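The structure displayed is predicted, hence computed values, not measured ones. Every chain is numbered from 1, with letters handed out A, B, ... down the list of sequences.
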Protein chains: 2
Amino acid sequence: MASSVPGSAPTRAPNPSPLLGRVSVASAPPTLAERKRRLVSEELRETALQLLAVRGYDETTVDDIVAAAGMSRRTFHRYYASKEDVVIQLLADLGDQMRDELTARPPAEPPAESLRHAVTVAIDFCAGHHDAAKTLAVVRLILRTPVLHARSLERQSRWQADLAAILAARLGLEAEAFYPEMATRLAFAALNTALERWAVSEGQVDPLELTEQAFAMLEPALRR
Amino acid sequence: MASSVPGSAPTRAPNPSPLLGRVSVASAPPTLAERKRRLVSEELRETALQLLAVRGYDETTVDDIVAAAGMSRRTFHRYYASKEDVVIQLLADLGDQMRDELTARPPAEPPAESLRHAVTVAIDFCAGHHDAAKTLAVVRLILRTPVLHARSLERQSRWQADLAAILAARLGLEAEAFYPEMATRLAFAALNTALERWAVSEGQVDPLELTEQAFAMLEPALRR
DNA sequence: GACTCTGTTGACACACTGTGCCACGGAGGG
DNA sequence: CCCTCCGTGGCACAGTGTGTCAACAGAGTC
C-alpha cells in the first residue's frame, strides 16, 4: 500500500470507501468525506494553476503552492504525485472519453469517420468547454513547458494504443494489426495539429474546422 | 553560465575549446583534452547503461552509477543533466541526421519520398547500426520506461517541427503551412510504428519493410 | 455520553536529485 | 619556475517524493 492515501490520490479511485461498497452505482450520493476530498483537491489544483500561470512552471515550487493553499507538502502529495500531475490530471478523463466515443460509434461506420468523432471529443473537451479560456491557458502551459509536453505526449501514446486495440476489435483484426495502429496514430497527428494551432492562435482559429481539414487529408490513407 | 562545464555538457558542444576556434571544420584533429572528455563521457554512459539494463531504470540511482564508474556525482552532472539524459543523448544526433537528409533530398522529389528517406535515416541508425543488439536494448528500455518514453516523444516533437519548417521552405510555403506540418507528423507516425514493432519483436521483423509498408499507406495522403 | 473504527492531516525524517561554490591538482605556456 | 586554464571532488543547499507516526474529526455502536 502507498501509505494512507485519502481516497483517490492518483488517477482514479478504485474504491473510495471500502466499507460502503457503492462503486459502479451511477448516482451514488457523495459522502461528506468524499466531498471534502474533492474540495481539497480542487483547492490545491486551482491554487497551483494560478501560481503556475503567474510565476511560470519552473519558478513555482510545490512548497509555494502548499503555502498559498495553506496545507502541508505531505497533503499535496496525497492528492497529486508531483507538480506535473496537477496539470496532467486535468486531461485524465480525456482518454476514457475518447475510448468511450470510439466504442459507441456504429460498427459499420468507416474507421476514418469513427476516429474523427473520437478526436472531436478531445477538441470539444478543450475548445467547447464551459470556459475555453481556462483550458486554453492550460494547453498553452503544457505546450510551452517541456516536462509537461513530454508527459502529455506519453499519455497520448497510451490512449493511442487503447484506441488501436478497440479499432482492431471492431474490425475483427488481431490486436497487433498494422492498420488500426497506423490509423490511430494518424488520428492523433490530426488532433495535435489542430490543438497546437488552436493554442498558438490564442483560440482564434476554429479547431473543429482544422480537424476536418486534417481528416480530409487523411481520408484516402484511412480508406480500407 | 552553468558553472564550469567540461566542454560539451548537454546535447551538443557549441564550441568545445574556445581557444582553438576550429568549429565548423569537418575533420578537426581532436584535442587531448577533448579525447579525455569523450572518454569520461563514454565510461559514464556505458556504466549507466549496464546498470540500467541489469537493475532497471527506477531501481538505479545516479549515486549507483558514479560509484560503479568511480567518479563523483558532481562530475556526472557535468556531462549529463540527469539520469534520463544518459539514455536520451544517445539519440541526440538523430534529429540532425534526419534534418540533413531531408535538406539533401532533391527539391523536385515528391515530399512522400523525401520524408521516407529522412525517416529511413532513423531506422538505419537503430537497426542498421554497427551492433544493432545494443541499440535494440536501448530502444526497448526507452519504450518500457515511461519517463524515457515521454522525453523521447518530446524530442521527436521538436524534430518534427524542424522537418516541417524545412519541408515548407522546400515547397515555397510559409513556415506555418498546413501540409508540411501534417506530412511530417504522418512520417513520424510511420517511424514510430516501425520502430515499436521492431523493438517488441526483439529485432525479428524488418523495420525497413515496415517503414515502406507504412509509407505505402500514407502515399495518397501525402500526394499534393 | 463514551467507545471504536476509519480516514485525513501535519510533522518529522530520510533518500535522491540537481546546482553553486570553492579548493585542489595536473597540463601547458610564458 | 610560475601562472593560468580547466577538470575534478567535496561540500552545502534547495527541492522533491515517500514512509512513519501521532493527533484528530466523523460516523456508527452501545
Starting from the C-alpha separation in whole Å, work towards a yes-or-no answer on side-chain hydrogen bond (donor to acceptor under 3.5 Å, both in side chains) for B/Thr103 and B/Asp100. CA-CA 5 Å; B/Thr103 309; B/Asp100 293 347; 5.3 Å; no
Specify the separation, in whole Å, of atom CD of A/Glu43 and atom P of C/dT9. 12 Å
Output the rounded distance in Å from CD1 (B/Ile65) to P (C/dA15). 19 Å
Nearest-neighbour nucleotide for the A/Ser82 side chain, C/dT17, C/dG10, D/dG17 considered: D/dG17
Got B/Tyr79 and B/Met71 here, is their nearest side-chain heavy-atom distance under 4.5 Å? no
So, is A/Tyr79 near the phosphate of C/dT9, with a side-chain N or O under 4.0 Å from OP1 or OP2? yes
Can you tell me if B/Glu46 has over 12 outside heavy atoms packed within less than 6.0 Å of its CD? yes
Give a yes or no answer on whether the side chain of B/Asp64 reaches the backbone of B/Thr61 with a donor-acceptor pair at less than 3.5 Å. yes
Only residue of B/Leu90, B/Leu91, B/Leu153 satisfying side-chain contact (heavy atoms from CB on, under 4.5 Å) with B/Ile142 is B/Leu91
Report the distance from atom CG of A/Leu44 to atom C1' of C/dT9, rounded to the nearest whole Å. 13 Å
Sorted by number, residues from residues 143-154 of chain B placing a heavy atom under 4.0 Å from DNA chain C are none
Rounding to an integer number of Å, can you tell me how far B/Glu34 CD sits from C/dA27 C1'? 16 Å
The side chain of A/Arg37 is closest to which nucleotide in this list: C/dT19, C/dT8, D/dT16? C/dT8
Working to the nearest 0.5 Å, report the span between OG of A/Ser72 and NE2 of A/His77. 9.5 Å
Positions of residues 48-64 of chain A (non-hydrogen atom under 4.0 Å from DNA chain D), listed by number: A/Thr61, A/Val62, A/Asp63
Taking atom CZ of B/Arg38 as the centre, report whether more than 12 heavy atoms of other residues, nucleotides or ligands fall under 6.0 Å from it. no
Round to a whole Å and report the spacing from CZ of A/Phe76 to P of C/dT8. 17 Å
Testing A/Gln156, A/Glu154, A/Gln160, A/Arg155 one by one against A/Arg158 for a side-chain contact (heavy atoms from CB on, under 4.5 Å), which residue passes? A/Glu154
Quick check on D/dG17: is either OP1 or OP2 less than 4.0 Å from any side-chain nitrogen or oxygen of A/Arg74? no
Do the side-chain N or O atoms of A/Arg78 get closer than 4.0 angstrom to the phosphate oxygens (OP1, OP2) of C/dT9? no
With DNA chain C as reference, determine whether B/Arg73 or B/Lys36 sits nearer its 5' end, using the nearest nucleotide of each. B/Arg73
Given side chains that start at C-beta, do those of A/Trp198 and A/Leu136 come closer than 4.5 Å, heavy atoms only? yes
Without decimals, in angstroms, what is the distance between B/His77 NE2 and D/dC13 P? 18 Å
5'-most by nearest nucleotide on DNA chain D - A/Lys83 or B/Met71: B/Met71
